[in-house]
Each structure stands twice: as structure tokens, then as C-alpha cells.
Amino acid sequence: SIAEIGVGAGALTEALLQRSGCRRVIGFEVDNDLVQAALRRPSLRRSEVGIAAQPLPTDALSFERRDWRNILAASPRVTEKKGPRCLVFHGDFLRCNSLPGECHVAAGNLPYRISSQIVL
């Protein structure tokens with residue numbers, strides 16, 4: 001799975017999901033209008049892809065990579081034929097201590113003003 005920081009309207013999300021090795025994108029987006037735009041994006045709404053959104057957990061700042069497991073288990077599941085391959089957490093990624101454990105790659109079009117906070 002890939003973590004996407006700043007899903008926006010879903011353009012990069014769409015490209016990531018087209019890659020053969022990408023099982024799922026777990027995204028983070030702070031702007032509600034952009035979350036809604038991604039949820040309406042036709043290519044992400046197709047039945048073989050699917051997209052869902054939920055609020056960022058309020059205690060995400062204390063999460064270690066393994067702690068995301070319970071949150072993701074309660075979210076809509078990805079199976080061979082069902083379930084969204086894209087799950088967007090609506091909230092500020094900077095309020096997370098870690099990426100979900102299943103994410104081995106992080107991607108995103110980061111705003112310059114927050115890039116050093118993420119990289120460091």
C-alpha cells in the first residue's frame with residue numbers, strides 16, 4: 001500500500017492506483033472541499049477501484065505504525081472484487097506520528113510550507 005500525503009482532487013491517487021503493484025492508497029487530506037472532489041472523481045468511483053473517506057483519528061499523534069491496524073480493520077476492506085482501494089483520512093497529516101504499517105511508500109505533491117516538517 002502507498003500513503004499519499006495531500007490527496008487533493010485525486011489526480012496522483014488515480015495514477016498510483018493504476019500501477020500494478022499498488023494494492024491500496026491510504027491518503028491524507030486536510031481540505032474538506034478537496035476530499036469531496038476526490039470522492040466525486042469518476043475514475044476513483046469505478047467499482048474496481050472505489051474510494052471512501054473518514055475523519056483522521058483524534059489520537060493519531062500517538063499512533064505507532066502498528067496502531068493503524070485497528071483503524072484500518074474497521075474501515076471498508078479491500079478484497080479481490082470489493083471494497084475501496086482508496087481510503088482518505090480527512091485531517092492534517094502533521095497530526096500523525098507515523099504512517100500506517102501497511103504503507104511501504106509515501107507519495108504526494110507537498111506544499112512547500114510543510115515539506116520540511118514531513119521530511120525531518
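This structure is a prediction, so every number in the text was calculated from the model and none was measured.
Leu44 and Leu34 are assigned to two separate hydrophobic clusters, defined by single-linkage of ILVMFWY side chains at heavy-atom distances under 4.5 Å. Side-chain heavy atoms closer than 4.5 Å link hydrophobic residues (I, L, V, M, F, W, Y) into clusters, and following such links, possibly through other members, connects Val105 to Leu12.
By the 6.0 Å contact criterion, CZ on Arg95 is open, its count of non-hydrogen atoms from other residues, nucleotides or ligands being 12 or less. More than 12 heavy atoms of other shown residues, nucleotides or ligands fall within 6.0 angstrom of atom CZ in Arg41.
For the residue pair Glu64 and Asp67, the shortest heavy atom distance occurs at N-OD2, 2.8 Å. Across every non-hydrogen atom of Ala107 and Leu16, the tightest pair is CB-CD1, 4.2 Å. When every heavy atom of Ser98 is checked against every heavy atom of Trp68, the shortest pair comes out as O-NE1, 3.1 Å. Counting all heavy atoms, side chain and backbone alike, Ile71 lies closest to Gln54 at CG2-NE2, 3.8 Å. The minimum heavy-atom distance between Glu102 and Ile26, with the atom names listed, is OE2-CD1, 3.6 Å. Smallest separation of non-hydrogen atoms from Gly27 and Val7: CA-CG2, 3.5 Å.
The salt bridge (Lys or Arg N to Asp or Glu O under 4.0 Å) test applied to Arg46 returns Glu48, not counting sequence neighbours.
For the atom pair CG (Leu72) and SG (Cys103), the distance works out to 7.5 Å, reported to the nearest 0.5 Å. For the atom pair CG of Leu99 and CD1 of Ile2, the computed distance is 12.0 Å after rounding to the nearest 0.5 Å. The distance from atom CZ of Arg85 to atom CG of Leu87, rounded to the nearest 0.5 Å, is 13.5 Å. How far CD1 of Ile51 is from OG of Ser43: 9.0 Å, rounded to the nearest 0.5 Å. Annotation: the span from Asn70 atom CG to Phe63 atom CZ amounts to 8.5 Å, rounded to 0.5 Å.
In this structure a side-chain-to-backbone donor-acceptor pair under 3.5 Å is missing from Glu29 to Val35.
A side chain to side chain contact (heavy atoms under 4.5 Å, CB included) with His90 holds for exactly one of Val30, Asp31, Leu56, Asn32; it is Asn32.
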